[in-house]
J.: 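Pasting in a structure now, in structure tokens, and then I'll have a few things to ask.
When a ligand or atom number is given, it counts from 1 through the structure's own listing order. All of these numbers come straight from a predicted model, not from anything done at the bench. Along the sequence shown, residues carry numbers from 1.
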Amino acid sequence: MSTESQWPYRLLAPGPVPVPKAVLELMHDKVLHHRTPAFEKFLIDAWSGLQHVFGTKQPVQIICGTGSAAMEAAVVNLLSPGDQVLVVVSGKFGERWAEMAERGGAKVTRWNLEWGQPADPTELSRRLKENPSYKMVFSQACETSTATLHPVREMARVVRRDSNALFALDAITAAGCLPLPMDEWELDVVIAGSQKAFMIPTGLSFIALSERAWATAAGARMYKFYLDLTAEKKANAKGETHFSTPTPLVIGLAVVLNRMRQVGIDRIYKRCDLLAEVTRHFGARLGFEVFSASPSPSVTALKLPDGIDSAKLRDELEKEYNITLMGGQDQLKGKIIRVGHMGDVRNEDMIALFEALSELMEARTGAKFNNEFKAFRGEMAARLSQVEPLFP
Ligand SMILES: *Cc1c(COP(=O)(O)O)cnc(C)c1O
């Protein structure tokens with residue numbers, strides 16, 4: 001058994017993700033004031049890089065607050081108390097949309113899906129036709145708690161075709177991981193977060209509204225002050241932010257976005273796909289099953305064999321191998337582990353994870369999983385090197 005000291009720290013969670021060294025160094029070079037020409041350059045780069053990743057001509061705003069702040073901004077800028085909304089609840093984050101809208105006084109209908117199942121566009125259509133009063137439909141692109149990808153493009157089409165509702169998408173574990181062109185797919189609200197595909201620390205979130213969502217925002221009456229997107233839009237049009245800004249985070253963001261554009265967004269999608277594919281394939285060889293019926297390229301949930309507690313496995317990974325990943329929540333507590341594929345995951349991190357898992361699974365089942373790992377290690381390394389990581 002390896003000792004702690006032999007294992008450098010590896011972060012393989014579905015957010016926060018590792019921050020590339022080059023980015024960390026630039027972020028901490030110095031602190032710029034947020035109203036200076038030197039900082040403005042980074043801000044403008046960040047805005048335009050976000051538009052590129054979101055696939056939109058609309059402004060993408062930077063909110064100082066984690067992903068949930070952008071979710072709340074969507075709710076309070078687009079709804080009035082009493083509005084009827086439909087929320088796709090397929091896990092923890094869908095439930096968060098529902099609670100937020102309820103707290104603001106909206107009348108929420110939860111469309112509860114079995115965990116691990118994607119939304120069915122035909123059923124969405126039926127629900128929208130049944131109640132023409134819905135003002136908005138809220139969903140995740142990828143429900144991170146179950147690592148399930150929803151058929152976003154089809155859902156957006158159905159919402160346009162069969163209702164007058166706006167379609168708001170929490171794309172926090174999708175934007176920057178898989179194609180999600182906002183304008184082309186006619187998405188009304190798209191949200192992302194700094195600590196996921198944008199590979200900087202937690203603390204910023206991003207939001208863009210479609211033209212018709214901006215029109216709705218003009219009449220929405222829920223309380224807002226700090227999260228008033230219309231006020232922020234006015235400031236942004238002058239090249240400024242409405243309030244102070246954590247400049248190191250924005251500088252890191254600009255550097256990452258420039259790099260993303262330089263290597264090409266398609267290569268980043270390919271890299272996510274590859275990491276997910278490798279995790280599913282070699283996970284099966286260590287006795288894990290893929291949990292979701294619609295697995296996401298951004299995060300994989302692996303189901304453990306009966307009788308093995310994922311919380312304890314995770315604990316040992318952390319303590320003995322210095323590797324952080326996530327377990328399951330609520331009904332999936334103790335049943336799954338979740339491995340993130342976003343950001344700057346290195347090949348050696350993946351190989352170390354599988355080595356550690358093979359040892360832990362061997363200790364629990366008696367099966368020769370470590371031999372199995374040694375047998376596939378070369379093949380795994382070869383597959384991983386098909387698409388290089390984002391940063392050298
Ligand atoms: C991470 C995440 C969030 C945001 O959570 P915060 O803790 O507020 O950053 C929201 N939705 C999804 C799907 C996520 O994966």
J.: Could you walk me through whether F206 and F54 pass the ring-ring contact (aromatic ring centres under 6.0 Å, His included) test, one step at a time?
T.: CA-CA 10 Å; F206 319 119; F54 276 50; 7.1 Å; no
J.: Between Y321 and W7, how do the two ring planes meet: parallel, tilted or perpendicular, split at 30° and 60°?
T.: perpendicular
J.: Evaluate Q386 against R383 for side-chain hydrogen bond (donor to acceptor under 3.5 Å, both in side chains), listing each step before the verdict.
T.: CA-CA 5 Å; Q386 285 168 3; R383 281 216 206 173; over 6 Å; no
J.: Which atoms of ligand 1 have any heavy atom of G67 under 4.0 Å away?
T.: 4 (C), 6 (P), 8 (O), 9 (O)
J.: Return yes when atom NZ of K270 has more than 12 non-hydrogen atoms of other residues, nucleotides or ligands closer than 6.0 Å, and no otherwise.
T.: no
J.: Could you tell me which atoms of ligand 1, counted from 1 in the order shown, lie closer than 4.0 angstrom to a heavy atom of C142?
T.: 13 (C)
J.: Among S292, S90, S296, S294, which one satisfies side-chain hydrogen bond (donor to acceptor under 3.5 Å, both in side chains) with T148?
T.: S292
J.: Regarding ligand 1, does T144 bring an N or O atom to under 3.5 Å of one of the ligand's N or O atoms?
T.: yes
J.: Quick one: nearest non-hydrogen protein atom to atom 9 (O) of ligand 1, plus distance?
T.: Q195 NE2, 2.8 Å
J.: Would you call the rings of F354 and F376 parallel, tilted or perpendicular if under 30° counts as parallel and over 60° as perpendicular?
T.: perpendicular
J.: Suppose we measure from atom 5 (O) of ligand 1 to each protein heavy atom; which comes out shortest, and what is that distance?
T.: R96 NH1, 3.5 Å
J.: Quick one: look up the protein heavy atom nearest atom 11 (N) of ligand 1 and list residue, atom name and how far away it is.
T.: D170 OD2, 2.6 Å
J.: Taking a cutoff of less than 4.0 Å between a non-hydrogen atom of the residue and any ligand atom, is K196 in contact with ligand 1?
T.: yes
J.: As a check for students: among T66, I172, L169, identify the option with a heavy atom nearest to atom 10 (C) of ligand 1.
T.: I172
